[in-house]
S.K.: 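Could you have a look at this structure, given as structure tokens, before my questions?
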There are 2 protein chains.
Amino acid sequence: MTSEQLSKTLSTNPVVIRRIMAGLRDMGIVRSERGHGGGWTISRDLATVSLRDVYTALGEPMVFALGNRQEMPDCLVEQAVNAALDDAFRAAEVLLIERLGEVTLADLAADFHERWKQNKTKKANPHAA
Amino acid sequence: MTSEQLSKTLSTNPVVIRRIMAGLRDMGIVRSERGHGGGWTISRDLATVSLRDVYTALGEPMVFALGNRQEMPDCLVEQAVNAALDDAFRAAEVLLIERLGEVTLADLAADFHERWKQNKTKKANPHAA
DNA sequence: CTTTCTCGTAACATATAAAGTTGCATGAAA
DNA sequence: TTTCATGCAACTTTATATGTTACGAGAAAG
């Protein structure tokens with residue numbers, strides 16, 4: 001698919017798509033081709049790509065909205081608070097990334113197909129139990 | 001202390017202090033008094049207040065910077081991704097909050113005093129091992 | 001009872017970062 | 001050589017958190 005097509009599907013802008021896909025391309029998850037007939041193609045078996053890989057490809061963006069704080073403040077109170085929060089945040093982040101590593105894009109595809117079937121059934125029989 | 005004093009200590013604005021302290025007050029962690037000689041006082045034993053209580057008092061702000069997404073999108077792909085992410089995020093959040101519940105303000109105070117002593121020693125003997 | 005000091009709160013302003021946009025260069029196929 | 005695509009830099013817009021101003025209300029001091 002082209003960035004143009006993807007951006008319409010996702011209600012955004014082709015350049016935004018390219019920005020995001022660039023990370024995935026550098027990790028070898030997708031490939032891009034220029035020129036006529038070009039666009040984006042998947043270049044790996046979906047079963048070999050985990051959400052953790054995607055997270056890494058996207059530059060490991062900040063996981064937490066909280067705790068966007070100074071690394072080594074002079075304030076001793078702040079230091080004490082940071083030490084406590086760092087422990088907790090680090091533990092939570094480790095668990096999160098571990099979980100992301102357990103889900104592959106193939107899993108997501110399977111889940112999607114499941115939902116797709118459910119959806120068709122529901123549309124045919126809107127009032128079924 | 002007054003909001004004015006606190007705001008100077010924390011390099012911010014008195015109104016910001018009041019906004020934040022309002023949550024702590026509603027949870028009974030601090031008390032505010034108006035008028036001459038008023039200000040903020042701690043109203044509970046620090047050993048009975050955990051970081052989790054503070055988190056709750058602050059209105060349980062969003063923990064994660066990622067996944068700021070629609071609850072039940074029409075897009076089945078988005079649904080599948082959300083389901084996977086929700087699992088992971090929920091697990092991480094549970095762990096984080098559990099950890100926050102294990103740290104009391106008294107713990108932080110003790111840690112602060114430890115740092116304070118260290119700091120004094122270092123100032124007296126800057127080149128000690 | 002008037003002044004002074006404080007919080008409470010709403011409304012407004014500013015700053016920052018994420019998202020979106022424009023423009024143009026580069027490469028590839030028709 | 002025209003058309004279609006990505007690559008990339010620079011700029012604009014938008015959203016949100018933070019900071020600010022203004023004023024009302026309560027409480028103590030004089």
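Just so we're on the same page: letters track the sequence lines, and every chain starts at 1. Remember, it's a predicted structure, so these values are computed and weren't measured experimentally.
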S.K.: Please pick, from C:dT9, D:dC8, C:dA11, the nucleotide with the shortest atom-to-atom distance to any side-chain atom of A:Val15.
M.R.: D:dC8

S.K.: Just how far, in rounded Å, is P of C:dT6 from CZ of B:Arg31?
M.R.: 17 Å

S.K.: With the side chain counted from C-beta on, respond yes when A:Pro73 and A:Asn82 share a heavy-atom pair under 4.5 Å apart, and no when they do not.
M.R.: yes

S.K.: Return no unless some side-chain N or O of B:Ser32 is found under 4.0 Å from OP1 or OP2 of C:dC7.
M.R.: no

S.K.: Whether the A:Thr104 and A:Asp107 side chains hold a donor-acceptor pair (N or O, under 3.5 Å, no angle test) is what I'd like checked.
M.R.: yes

S.K.: Do A:Trp40 and A:Thr2 get their side chains close enough for a donor-acceptor pair, meaning under 3.5 Å?
M.R.: no

S.K.: Roughly, in whole Å, what's the span from CE in B:Met62 to P in D:dA17?
M.R.: 10 Å

S.K.: Rounded to the nearest 0.5 Å, how far apart are CD1 of A:Ile20 and OG1 of A:Thr12?
M.R.: 7.0 Å

S.K.: Between A:Gln5 (CD) and D:dT6 (C1'), how many Å, whole number?
M.R.: 14 Å

S.K.: Atom pairs under 3.5 Å, N or O on each side, protein against nucleotides 3-5 of chain D: can you list them with distances?
M.R.:
residue : atom : partner : partner atom : Å
D:dC4   : O2   : A:His36 : N            : 3.3
D:dA5   : O4'  : A:Gly35 : O            : 3.1

S.K.: Please give, in whole Å, the distance from C:dC7 C1' to B:Leu24 CG?
M.R.: 15 Å

S.K.: Could you tell me the separation between the CE atom of B:Met21 and the P atom of C:dT6, rounded to a whole number of Å?
M.R.: 15 Å

S.K.: Could you state the CG-C1' distance from B:Leu6 to C:dT6, rounded to the nearest angstrom?
M.R.: 13 Å

S.K.: What integer distance in Å separates A:Asn13:CG from D:dT6:C1'?
M.R.: 14 Å

S.K.: Let me know the distance between CG of B:Leu10 and P of D:dG19, rounded to the nearest Å.
M.R.: 10 Å

S.K.: When you check the side-chain N and O atoms of A:Asp53 and A:Ser50, is any donor under 3.5 Å from an acceptor?
M.R.: yes

S.K.: Tell me the closest heavy-atom pair linking A:Gly28 and A:Arg44, and the distance in Å.
M.R.: O-CG, 3.4 Å

